[in-house]
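This report concerns only the one structure given below.
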Amino acid sequence: MSPDPKADEISGQIDEWRQMMAARPGLSNDDVDELTDHLESEINDLRTAGLAPDEAFLIAVKRLGGQDAVSREYARVHSDRLWRQLVPPSSRRPSNGLPTALLLAAGCGLAVRLPYSILGDQASGQFYPRAVGLLILPFLIGYFLIGHWRNETDLPHRIDRLGGAGGLGALAGALAVAVVPLALFPPRPDGQTFWLTAIHLPISLVAATGIAYLGPRWKVLGAWMDWVRWLGEAVVYYVLIALCGGALTALIVGIFNAAGLPDTIVGQIPGWVLPLGAGGAVPVCAWLVERKKSVIENMAPVLTSVFTPLMTTALLAFLVVVAVNGDPVTVDRDVLIVFDAALIAVAAIVMFTVSARPSGPRRGLDWMQLTLVVAAICVDLVMLWAMAGRLGEWGASPNKVAGLGCNLLLLAHLFGTSWYYGRVLRASPADPASAAGLTRWQCLALPAFGFWALLVAVGFPPSFGWA
């Protein structure tokens, strides 16, 4: 009897499902073994009934329950596992990646601090704004690549785990392009294009860093939602570390002042602690997210439930002000910049919310998100009206063109998000296709925003004569 190729295919799917379950909080190795045994038994029963291997696998997974539902059920029974120690006992082999993370954190902190030691005050105004992404993100990329490298033993499989030649080439290309403004563009901190590069270059590098995180899955559009989840959790950890680091620095300075140390010594403490901490916290956050994967994901509904109505209120207030004023072209430029940032924050909030949205029926938060997105669309249309009027009245400038392009991109993203949220709210609770479409649309936004940011950072300065 010839072997069934589909049976070999679902063995790989079972292994992938097992790895996903093992990454969930509250599940031990024994639990995963037990769940895998249930899954395989269900598949065997379905195949005995005459189903094809791939059909049996899909139905068995459905019967067993979604990985989030199963892991939550186990977490309720074994709640103590959610609070497992981050650092293993000394009797165990320290294979959790902490030494690598600390080594990269030290290198990253020094990479951020040393340019100031070499260039002095000139580094703050001319070097750091355009170089900060290149100083920090290569260490984060290195952390991800080292993790992928360790998961395989032979060279071909290791290269595949790193994302293959295409993924490594895309990463190298993004880093090489990011070096161009620093090496070739004139340092003019008083120019618009200088700060456009400083703002947009890190955004494009963050998008490219997702390739290193995803490894072999970087070509799968839906996999990019994992990168969104990682970024959301990492940002929360980074803010917590920054708050603790700021408080600790203030305490140290206060102790040294009370001890009567000279101001020349005390004054240098923030100049060393802050850059070392700001850079070093990035690899540490990466390690924390990987060790506590999805534990903090439960914070997403809480955060978005708080910020969604507040942001909606702010956007509606802006629309009222514009309606009373009568002409959006005359709205103060700084106000337009603030609400441009608010629209970007809306896109980020929506992405973070969708990344943590459980599969299942529609919820009240979905209606809140749709209301926020519709309000953002109205604000974006007003912003485009104001920008078009300013372009017609005062002519083009790098800032105006960059703002116009960003708002058009945001408008397309928000329209698509509202469409898919509408489908989610109209769909049957048992229909997962609408929620999957919403997720894919958010994933598509990542490369789109990354490409636009790279175009602005590298293409605008020479196009506008280094204005």
Side-chain angles (χ1 to χ4, degrees), residues 199-200 202-203 206-207 210 222 224-240 242 285 289 294 296-319 335-359 362-383 403 406-425 434-450 452-453:
I199 293 171
H200 289 82
I203 297 174
V206 167
W224 283 85
M225 189 52 71
D226 288 341
W227 180 231
V228 175
R229 294 186 186 97
W230 190 95
L231 286 174
E233 296 185 15
V235 167
V236 175
Y237 277 123
Y238 193 90
V239 170
L240 294 175
C285 285
V289 173
S294 298
I296 208 168
E297 193 174 278
N298 295 325
M299 293 180 63
V302 177
L303 293 175
T304 53
S305 296
V306 172
F307 283 104
T308 295
L310 294 177
M311 189 67 73
T312 304
T313 303
L315 296 180
L316 292 176
F318 173 76
L319 293 174
V335 174
L336 295 179
I337 292 174
V338 168
F339 278 92
D340 253 342
L343 291 177
I344 295 172
V346 168
I349 289 172
V350 171
M351 277 189 182
F352 188 37
T353 304
V354 173
S355 72
R357 185 183 187 276
S359 58
R362 48 188 173 265
R363 304 168 301 152
L365 184 57
D366 293 331
W367 287 103
M368 294 169 60
Q369 287 283 290
L370 180 58
T371 304
L372 172 63
V373 170
V374 171
I377 290 173
C378 296
V379 171
D380 203 348
L381 290 172
V382 172
M383 299 284 289
C406 179
N407 279 95
L408 288 172
L409 194 60
L410 283 169
L411 185 64
H413 175 63
L414 292 170
F415 263 121
T417 300
S418 66
W419 167 261
Y420 283 109
Y421 257 124
R423 288 186 60 185
V424 168
L425 294 170
S434 55
L438 177 63
T439 299
R440 285 194 299 270
W441 183 255
Q442 305 307 312
C443 293
L444 187 62
L446 281 173
F449 283 115
W452 170 253

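By convention here, the first residue in the shown sequence is residue 1.
- Residue Tyr238 places its OH atom among more than 12 non-hydrogen atoms of other residues, nucleotides or ligands, all under 6.0 Å distant.
- When all heavy atoms of Ala207 and Leu446 are compared, the closest pair comes out as CB-O, 4.2 Å.
- Between the CZ atom of Phe449 and the NE2 atom of His200 there is a distance of 10.5 Å, given to the nearest 0.5 Å.
- Residues Gln442 and His413 have side chains in contact (heavy-atom distance under 4.5 Å, counting atoms from C-beta outward).
- Side-chain contact between Phe318 and Val382 is present, with heavy atoms from C-beta onward closer than 4.5 Å.
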Yes or no on side-chain contact (heavy atoms from CB on, under 4.5 Å) for Trp441 and Val354, after CA distance, side-chain angles and deciding distance? CA-CA 10 Å; Trp441 183 255; Val354 173; over 6 Å; no

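- Shown here for Thr312 and Ala375, the closest heavy-atom pair between the two residues is CG2-CB, 4.4 Å.
- Among all heavy-atom pairs drawn from Leu319 and Cys378, the shortest one is CD1-CB, 3.7 Å.
- Here the OG1-CG distance, from Thr371 to Leu315, works out to 11.5 Å after rounding to the nearest 0.5 Å.
- The structure places CG of Asp380 at 8.0 Å from CG of Leu408, a figure rounded to the nearest 0.5 Å.
- Separation of atoms CG (Leu231) and CH2 (Trp227) is listed at 4.5 Å; rounding is to 0.5 Å.
- Counting all heavy atoms, side chain and backbone alike, Gln369 lies closest to Ile349 at NE2-CG2, 4.0 Å.
- With sequence neighbours left out, the side-chain hydrogen bond (donor to acceptor under 3.5 Å, both in side chains) criterion links Trp230 to Glu290.
- Atom CG of Leu372 is separated from atom CG of Leu316 by 9.0 Å, given to the nearest 0.5 angstrom.
- Minimum interatomic distance between Ile377 and Ser418 (heavy atoms only, all atoms of both residues): CD1-OG, 3.8 Å.
- Taking both residues in full, the closest heavy atoms of Trp224 and Cys443 are given as C-SG, 4.0 Å, listed atom of the first, atom of the second, then distance.
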Table please: side-chain donor-acceptor pairs of residues 336-345 below 3.5 Å, with sequence neighbours left out.
{"unit_1": "Asp340", "atom_1": "OD1", "unit_2": "Asn407", "atom_2": "ND2", "d": "2.9"}

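- Between Leu381 atom CG and Phe415 atom CZ the span is 5.5 Å, to the nearest 0.5 Å.
- Counting heavy atoms from C-beta outward, Val346 and Met311 have side chains that approach closer than 4.5 Å.
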